[in-house]
Structure formats: C-alpha cells, structure tokens
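Single-structure report; data block below.
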Number of protein chains: 2
Amino acid sequence: MSRATALTPDRIAEAALRVGDRDGPPAMSMRRIAAELRCDPMALYRHFADREALLDAVADLAMADVPEPDPAAAWDARLRVLVTAVRDAALRHPGIAGHVASRPPLGAHGRRLGAVMLAALTEAGLPPAKAVQSMQALIAYAAAALAMAVAAGTRDERWHQVSEVFAALPGAPPGAQLHVVGSADQFAFGLRLLLNGIRAEAGLMTGEAGATPGAQ
Amino acid sequence: MSRATALTPDRIAEAALRVGDRDGPPAMSMRRIAAELRCDPMALYRHFADREALLDAVADLAMADVPEPDPAAAWDARLRVLVTAVRDAALRHPGIAGHVASRPPLGAHGRRLGAVMLAALTEAGLPPAKAVQSMQALIAYAAAALAMAVAAGTRDERWHQVSEVFAALPGAPPGAQLHVVGSADQFAFGLRLLLNGIRAEAGLMTGEAGATPGAQ
DNA sequence: ACCTGAACACCGTTCAAGT
DNA sequence: ACCTGAACACCGTTCAAGT
C-alpha cells in the first residue's frame with residue numbers, strides 16, 4: 001500500500017471516473033483503475049462484487065452534480081430541464097456516459113432524480129402507474145439519445161450517416177435541414193415529443209371523465 | 001477447409017446469429033463464430049473489417065423478417081405496428097438484440113424499415129426535417145426499450161427493481177399497478193406517448209398557420 | 001499472392017500460496 | 001484472518017511464416 005489514503009468505494013469510483021475521462025471507456029479496466037490507485041487489482045473486489053458493480057457506482061457518481069430544477073416551475077419545464085441536465089452531466093464524463101445510458105438509475109443520485117421526475121408527472125395529473133411508466137419512457141429515451149450522442153461523438157461515425165442516408169431515401173424531399181444524430185437539437189426535439197405525449201395523456205385523465213386511454 | 005460450402009458474408013452472419021441464439025451474446029466471439037463455421041478465425045477478417053462490422057451484419061439479418069405494415073392503415077397505426085414488430089424480431093434473437101439496440105440501422109433491412117417510417121411521418125404532415133427527427137426519436141426510444149427488455153430478461157435483475165424502487169418513493173402513492181421494465185406493456189405505453197407527441201406536432205403544422213412550434 | 005496460425009497485448013476473475 | 005499476485009480461460013487483432 002503505497003497510497004497514503006485508505007481504499008473506499010467512493011475513492012475507487014472517483015479514480016475510475018478520472019481514468020475514464022482521461023483515457024476513454026476501454027481504459028476503465030480493473031487493472032488500469034487499480035494502477036491509478038496504486039493498489040492490487042484484486043483489492044477492488046473487496047469493495048465491489050464485480051466490474052459491473054463498480055461501473056454502476058461510477059455512473060451514479062457522474063450524476064452527482066445534476067441540479068434539481070426550480071420547484072416553482074411548471075411540471076413539464078421541470079422535466080425538460082432535469083432530463084437535459086442529466087444528458088449534460090453524462091456528456092461531461094465521456095468515459096462513463098455510455099454506461100450511464102445502459103444501466104438502471106438505482107444509485108443514490110439516480111433515485112433522487114427519479115423522485116423529482118415522479119413528482120412532476122404526478123403533478124401533471126397522471127395516476128401512479130402511468131407516472132412510473134412515463135418516467136421509464138423518459139429514462140429510455142434519454143438513455144438512448146445519450147448513447148447515440150456518445151457513439152456519434154467519440155466512437156462511431158456511422159451514426160452521423162443516419163440522417164444523410166434517410167434524407168436520401170425516396171420518401172424524403174430534398175433540401176431537408178438535417179440535425180445531427182445525438183445533437184442537442186435532436187435530443188430536445190424528441191424530448192418535446194414525449195412531453196407533448198405526456199401532456200395529452202394527462203389531459204385525457206383530467207379533461208375527459210369517462211375516457212378509456214388504453215384503447216387503440 | 002473442411003466445410004463444403006464457401007465462406008460468404010451472409011453465411012458468416014447466419015452462423016453468428018445461430019451461435020448467439022444458442023449460447024448468448026458473450027459467445028459471439030470471432031473464435032467461436034469461426035469454430036461454428038469450422039474455419040480459421042482470421043478467415044472472418046477477409047469478409048468483415050472487424051468484429052463490429054460482423055455484428056452489424058448480424059443485427060441487420062435479425063431484422064430480415066420484420067413485415068412491412070399494411071399501407072392502407074393510418075400513419076400512426078403503421079408506425080405502432082412497425083416499431084412493435086422490430087422489437088419482436090429482435091427479441092426472437094436474444095443473442096444479437098442488445099447489439100440491434102446499440103447500432104445505427106444502416107443495413108439493408110434497417111434502411112427499408114426507415115423508409116417506411118419516414119413515409120408514415122410525412123403522411124402525418126411533418127416537414128422533412130421534423131420527419132427525420134421524429135424517426136430518430138422513435139429509433140432511440142425503441143432501441144432503449146429493447147435494450148432494457150433484453151437486460152431485464154436475460155442479464156440484469158436490477159432493471160426489475162426500477163419499478164419497485166420508484167413506486168416506493170415518497171411521491172408515489174401506494175397500490176400503483178406496476179409494469180415490469182422492458183415488458184410489452186411498458187413498451188407500448190412509451191410508444192403511445194411518442195405517437196401522441198408526433199400527432200400534436202403534426203397538428204401544429206397543419207392546423208395552425210402561424211404557429212411557432214420551436215418556442216418553449 | 002494467398003492463407004494460416006502463432007503470438008501480442010490485453011481482459012475479468014479464481015484461488016492457492018503467502019504473511 | 002487477511003491480503004496478494006500468479007494463474008486460468010479467455011478476448012480482438014497483428015503479422016511473420018508458410019504454401
């Protein structure tokens with residue numbers, strides 16, 4: 001033990017986040033993280049069951065600085081600000097952003113943000129079950145859009161081709177102004193669609209008494 | 001070369017799909033796929049640049065049997081049927097479903113399905129740029145929901161906890177009927193939210209002449 | 001010129017050997 | 001009892017050696 005400070009889960013997660021931000025996702029191996037901490041790779045296993053558990057902690061740590069939206073704002077504005085802030089926070093840590101997008105938000109910060117979302121959706125007028133489902137839909141969309149942003153920006157040029165390929169299809173008129181896959185614009189547009197949809201769903205609940213929203 | 005048939009990209013992709021369906025995603029290594037074909041692992045590299053390119057071909061192959069929706073149906077029903085069929089097709093191939101969810105749909109079948117989506121969105125009244133953006137939002141949502149279904153079903157019990165954890169939060173009243181993350185119900189609900197949102201977006205286009213839909 | 005397979009530079013994790 | 005690090009069973013890919 002040449003490190004002066006003792007090994008803790010938090011300290012390990014911080015070191016892993018540092019390694020990922022500096023050297024990219026593939027560098028976040030148990031061996032490299034241990035090297036960053038100047039400890040034996042196996043020492044990490046005394047604080048985390050396996051690599052997946054360690055990365056979950058790192059993903060949650062990346063959400064630590066997501067601010068909670070102004071409680072005085074309208075429910076839809078609150079959701080928009082929060083989900084956008086999650087995307088921004090993840091993109092500030094490119095090493096772990098892909099993992100944030102692929103794992104359940106069950107860490108301390110993930111649960112905190114989920115509670116804010118649920119409160120906003122309940123305020124919108126959704127019953128509990130639909131609020132939970134709407135939250136999961138928002139999480140799913142945010143996760144995928146985030147994963148696309150990461151892939152398009154750092155790893156995979158093929159995502160950039162998607163807009164071009166589809167704009168060139170028979171059905172698409174020429175001259176369409178394209179938005180890059182994974183861009184902030186594209187993210188905001190899809191988020192608006194979902195919030196539109198939630199608003200419509202909530203309207204059915206509160207506006208029409210005998211509505212049967214489950215019917216197709 | 002003990003195999004009677006010659007190596008082709010299609011034949012390789014079929015063998016890889018078989019391996020993945022039989023032994024799961026981790027089994028889809030270059031070595032195992034080569035063993036399935038009774039050829040040298042390096043022989044695969046003469047048909048695919050790298051493993052990622054091979055998996056892209058497998059993911060597209062898994063979309064081969066997605067039927068095109070009835071052209072006579074309404075645009076929103078067409079989108080719902082198509083996106084649901086993509087999910088079903090991917091889940092029939094658990095080995096590659098996760099990859100389907102993480103990669104751009106740029107293969108032959110992905111482009112075919114994208115063209116159907118674009119046509120439906122254009123019919124809805126969206127201008128080209130918004131149709132492309134809406135398609136990308138649908139792809140993002142479907143990919144993430146699919147990834148969650150795969151993770152929840154085969155790999156990761158933590159996704160199952162999400163509904164329970166959030167239903168137990170202060171904001172959520174008790175007795176909420178929970179839908180399992182990744183379930184068909186949950187998928188359909190989120191898809192309906194997006195289609196609701198697209199309908200609202202299209203309504204702004206056609207219904208209100210001087211609307212400024214980009215304003216928050 | 002083409003193809004093969006040994007070798008390189010890694011992995012996550014197990015487990016026996018040390019203290 | 002605790003900790004370490006050698007070892008196991010793999011990877012994707014390179015590249016030199018064979019034919």
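A, B, ... follow the sequence lines: proteins, then strands. Residue 1 opens every chain.
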Separation of H47(B) atom NE2 from dC3(C) atom C1', in whole Å? 12 Å
Quick one: side chain to side chain donor-acceptor pair (under 3.5 Å) partners of D23(B), sequence neighbours excluded? R32(B)
Which residues pass the salt bridge (Lys or Arg N to Asp or Glu O under 4.0 Å) test with R78(A), not counting sequence neighbours? E123(A)
For D60(A), check salt bridge (Lys or Arg N to Asp or Glu O under 4.0 Å) against everything at least two apart and list the hits. none
Measuring only between side-chain heavy atoms, which start at C-beta, is M30(B) closer than 4.5 Å to Y45(B)? yes
Can you check the R38(A) CZ to dC3(D) C1' distance for me, whole Å? 20 Å
Sorted by chain and number, sequence neighbours left out, side-chain contact (heavy atoms from CB on, under 4.5 Å) with A184(A) holds for R87(A)
Rounding to an integer number of angstrom, what distance separates dC15(D) and dC3(C) when you compare their C1' atoms? 13 Å
Can you give one letter per nucleotide of nucleotides 9-15 of chain C, 5' to 3': B if a protein heavy atom sits under 4.0 Å from the base, S if only from the sugar-phosphate, - if neither? --BBBB-
D50(B) meets the side chain to side chain donor-acceptor pair (under 3.5 Å) criterion, sequence neighbours left out, with none
Can you list the residues that meet the side-chain contact (heavy atoms from CB on, under 4.5 Å) rule with V83(B), with sequence neighbours excluded? M117(B), A142(B), F187(B), L191(B)
Could you spell out the base pairing of DNA chain C in dot-bracket, with Watson-Crick or G-U pairs whose two distances are under 3.5 Å, [ ] crossing and | to another strand? ||.|||||...|||||.||
OP1 or OP2 of dC3(D) versus the side-chain N and O atoms of R46(A): is any pair under 4.0 Å? yes
Nearest whole Å is fine: how far is dA7(D) P from D40(A) CG? 14 Å
Protein N or O to nucleotides 16-19 of chain C N or O, pairs below 3.5 Å:
none

How would you list, by chain and number, every residue that makes a salt bridge (Lys or Arg N to Asp or Glu O under 4.0 Å) with R112(B), sequence neighbours excluded? E68(B)
Residues that R199(B) engages under side-chain contact (heavy atoms from CB on, under 4.5 Å), provided they are two or more places apart: W75(B), D76(B), L195(B), N196(B)
Below 4.0 angstrom, N of the basic side chain to O of the carboxylate: do E36(A) and R22(A) qualify? yes
Once salt bridge (Lys or Arg N to Asp or Glu O under 4.0 Å) is applied, do any residues pair with R92(B), and if so which ones, sequence neighbours excluded? D65(B)
